[in-house]
Engineer: 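Next up is a structure, given as structure tokens.
Below, each value reflects all heavy atoms present in this structure, side chains not excepted, and no hydrogens, waters or symmetry copies. Letters A, B, ... mirror the listed sequences (proteins, then strands); counts begin at 1. Every value quoted in this text rests on a predicted model; they were computed, and no experiment measured them.
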Amino acid sequence: MATQAPPEPPAAGTAKPGRPGRRHEPKPFQPNKVFWIALAAPGILWLIFLFIVPFYAMLAIGEGKLDRQTESPVAVYNPFTWSSANLSNVWHDLFGSGAFVGDIALRTIWYVAIASLLSLVIAYPAAYFVARFAGRRKGFFLLLLVAPFWISYMMRMLAWIDLLQTNGYINKVLSWVGLGGSHDWLGGHWYTVVLGLVYGYIPYLILVLYAGLDRIDPSLIEAGRDLGLGRARTFIRVTLPLSRQPILTGMLITVLPMLGDYYTNQLLSGARGTAMIGNLIQGQLSIPSAGQGAILSLIVLLVLLVPMIYYVIATNRSSQAAS
Amino acid sequence: MTTATASKTKVSIAGTTGARRRLFRNPWRRPWFLEGFTWLYLIWSLAPIAVAVLFSFNNGKSQATYQGLSMRWYYTDKVNSVWHDPVLRGAVFETLKLSAWTTLIAVPIGVAFALGINRWRGKIPSTFNFVMILSFVVPELIFGVAMFFVFTQLPGLKSLGLGNVAEVLGLVTWNVSWPAIIVQARLVTLGKQYEEAAADLGATQFQTIRRVLLPMLVPAIFASAILVFSGVVDDFVIVDLLSSNASTQPMSVIIYSTQHGGNGGPALNALATIMLAISFVAAGLGFLGYRLMTRGQRIGGQQALTAIAGAD
């Protein structure tokens with residue numbers, strides 16, 4: 001680059017107004033950059049056509065019309081001719097007089113809140129033990145913690161369906177200890193669904209928590225103890241603040257999929273009374289109501305955009321901190 | 001020995017206040033409560049799976065009462081076993097096919113993307129890096145619904161319709177972020193000094209990548225390929241929304257729809273156990289391969305384990 005001839009100073013007449021004193025330097029040709037662009041291009045094109053365009057298509061269908069004759073939604077790709085029929089329908093279902101979506105949304109929030117907090121309460125002590133106290137058996141414990149990650153979600157739900165049958169092992173154990181034993185667990189109860197959600201998503205949380213807790217420098221905790229803090233106060237004032245980031249990202253990585261879950265609910269309950277927002281969206285994909293399904297998906301996406309962007313920024317920050 | 005120490009601890013709790021104080025003062029005592037809790041968690045998390053695997057070998061038709069060991073639901077039954085039921089057998093091969101195609105497409109695209117984005121500075125690459133991580137956290141149902149609309153409504157792609165192509169395209173988008181994120185993280189830790197050294201020694205851009213960067217990235221690429229493969233084996237939402245009929249439904253969808261339709265039985269447990277075996281073989285190969293590729297580096301078994309589980 002140093003061998004290149006200095007660029008000609010631009011003629012006074014062509015200098016851009018408002019930028020006094022700054023010469024416009026033509027960029028030197030960079031073969032490297034073209035090379036990197038070419039490498040990134042397939043991925044970028046893939047993301048444009050199969051990630052961004054699909055969401056635009058969803059928007060176009062949500063804001064589109066309904067073909068009365070074929071009873072099928074018609075996508076409108078021009079934003080200036082968008083109709084708000086679906087949006088007002090969904091709005092009415094959410095907050096209007098006969099609002100049934102509002103109940104489902106509220107129920108979803110409750111279920112996910114209980115399930116994710118329960119997951120945290122279970123996952124944190126286990127992850128904390130393996131990261132800090134497992135000693136030479138760490139590899140063994142880690143293997144057992146990671147194992148559910150490789151067991152498919154459907155397999156894990158199927159396992160609980162087997163156990164929770166009316167004549168299944170849970171009821172057998174319950175009757176053996178004298179606590180009833182003919183309970184219909186799969187008959188549409190909120191606690192079965194919440195248990196399913198906790199069981200289904202806890203492996204992801206525990207892995208994130210373990211990775212975060214394992215990175216905490218033990219000397220910081222020892223310093224807390226040396227300076228006279230007790231066990232509990234060391235935990236509250238040293239360990240907990242240091243594990244804030246893994247807790248937040250771990251909760252996000254469990255809450256986001258829980259909010260789009262319809263299969264856990266269908267398999268373990270199947271009742272209307274426990275339906276979540278995911279069930280509603282999935283149920284509306286059939287032809288006439290697809291437009292409302294699209295709008296509902298977009299509303300969920302909009303609500304989740306803030307936590308999602310937080311997650312992306314947190315991931316970026318931690319990867320920059322590693323460099 | 002463990003139980004003896006445990007009972008001693010209990011005794012000292014019940015003992016004098018002095019003993020109790022000493023116990024709580026000792027920062028190096030074993031955390032019995034935490035250890036017990038962890039064991040309870042592990043039993044709760046793994047015992048149901050063991051029971052489900054056991055029922056796949058059940059001699060009876062029940063998913064709840066165990067009636068002795070048999071291979072009936074895998075092979076022996078001439079009609080309902082996984083091998084003889086065309087839907088169940090087809091699902092096994094469908095899963096393998098989708099996993100292989102998705103891995104073959106997603107990994108090269110993701111690795112190239114990571115290399116390009118990491119070195120090409122500016123607004124455009126950082127925007128698309130953002131979109132890439134966004135695709136990692138968007139709820140699968142929302143993305144699946146968007147893809148469903150693409151293949152049922154969007155002019156051009158509508159003619160493709162739902163089915164194998166739609167499934168692979170959806171799965172690639174959903175999984176391409178694994179290699180992209182993992183390889184980028186590895187590039188960041190590697191730094192630029194190797195490339196600069198290669199350039200100083202006269203290597204061209206292409207040679208630097210082929211002979212210096214790629215060999216150092218092989219473990220990360222391999223780990224991401226394992227993650228993509230087993231991710232597709234386990235995937236449910238995208239394949240459920242984008243499959244057209246039973247012939248394009250992989251194992252997870254067949255298990256879901258059959259069980260939900262009220263036709264569950266030990267054959268489903270057998271199918272799920274096969275799925276488990278495929279995942280575990282992939283994980284085992286991943287672990288061994290990762291250890292082999294990183295030998296000579298200071299990488300322990302635990303780190304290899306978290307690497308192939310995507311938690312590194």
Engineer: Got a sec, which pairs hit side-chain hydrogen bond (donor to acceptor under 3.5 Å, both in side chains) with one end in residues 127-140 of chain B, sequence neighbours left out?
Structural biologist: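 Listed by first then second residue: B:N129-B:Q184.
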Engineer: Considering only heavy atoms, which portion of B:T152 lies under 4.5 Å from any heavy atom of chain A: side chain, backbone, both, or neither?
Structural biologist: neither
Engineer: Return the orientation label for the A:Y199 and B:W44 ring planes: parallel under 30°, perpendicular over 60°, tilted otherwise.
Structural biologist: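 Rings of A:Y199 and B:W44: perpendicular, over 60°.
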Engineer: Please classify the contact of B:F128 with chain A as side chain, backbone, both or neither, using a heavy-atom distance under 4.5 Å.
Structural biologist: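 Looking at B:F128, backbone and side chain both touch chain A.
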Engineer: Give the ring-plane orientation class for A:F55 versus B:F143, where under 30° counts as parallel, over 60° as perpendicular and anything between as tilted.
Structural biologist: tilted
Engineer: Can you say whether B:L42 sits under 4.5 Å from chain A via the side chain, the backbone, both, or neither, judging by heavy atoms?
Structural biologist: side chain
Engineer: Looking only at heavy atoms, which of residues 146-153 of chain A get nearer than 4.5 Å to chain B?
Structural biologist: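 Residues of residues 146-153 of chain A touching chain B at under 4.5 Å: A:V146, A:A147, A:P148, A:F149, A:W150, A:I151, A:S152.
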Engineer: B:V111 versus chain A, heavy atoms under 4.5 Å apart: side chain, backbone, both or neither?
Structural biologist: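 For B:V111, neither part sits under 4.5 Å from chain A.
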Engineer: Measure B:N269 against the heavy atoms of chain A and call it side chain, backbone, both or neither at under 4.5 Å.
Structural biologist: both
Engineer: Sort B:I255 into side chain, backbone, both or neither according to what part of it lies under 4.5 angstrom from a heavy atom of chain A.
Structural biologist: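 For B:I255, the contact with chain A is made by the side chain alone.
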Engineer: Ignoring hydrogens, what is the shortest heavy-atom contact between A:A159 and B:P48? Give both atom names and the distance.
Structural biologist: CB-O, 3.4 Å
Engineer: Is it the backbone or the side chain of A:L50 that comes under 4.5 Å from a heavy atom of chain B, or both, or neither?
Structural biologist: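 Contact with chain B is through both the backbone and side chain of A:L50.
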Engineer: Is chain A contacted by the side chain of B:L271, its backbone, both, or neither, given a heavy-atom distance below 4.5 Å?
Structural biologist: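 Neither part.
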Engineer: What about A:F141 and B:W39, are their ring centers closer than 6.0 Å?
Structural biologist: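 That pair passes the under 6.0 Å test.
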Engineer: Name the region of A:I161, side chain, backbone, both or neither, that has any atom closer than 4.5 Å to a heavy atom of chain B.
Structural biologist: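 Side chain of A:I161 only, per the 4.5 Å heavy-atom cut-off to chain B.
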Engineer: Is B:V172 in contact with chain A via its backbone, its side chain, both, or neither, using a 4.5 Å heavy-atom distance?
Structural biologist: both
Engineer: Rounded to the nearest 0.5 Å, how far apart are CD of A:Q282 and CG of B:L241?
Structural biologist: 6.5 Å
Engineer: So, does A:Y263 use its side chain to make a donor-acceptor pair with the main chain of B:Y256 at under 3.5 Å?
Structural biologist: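 Judged by distance alone, no pair lies under 3.5 Å.
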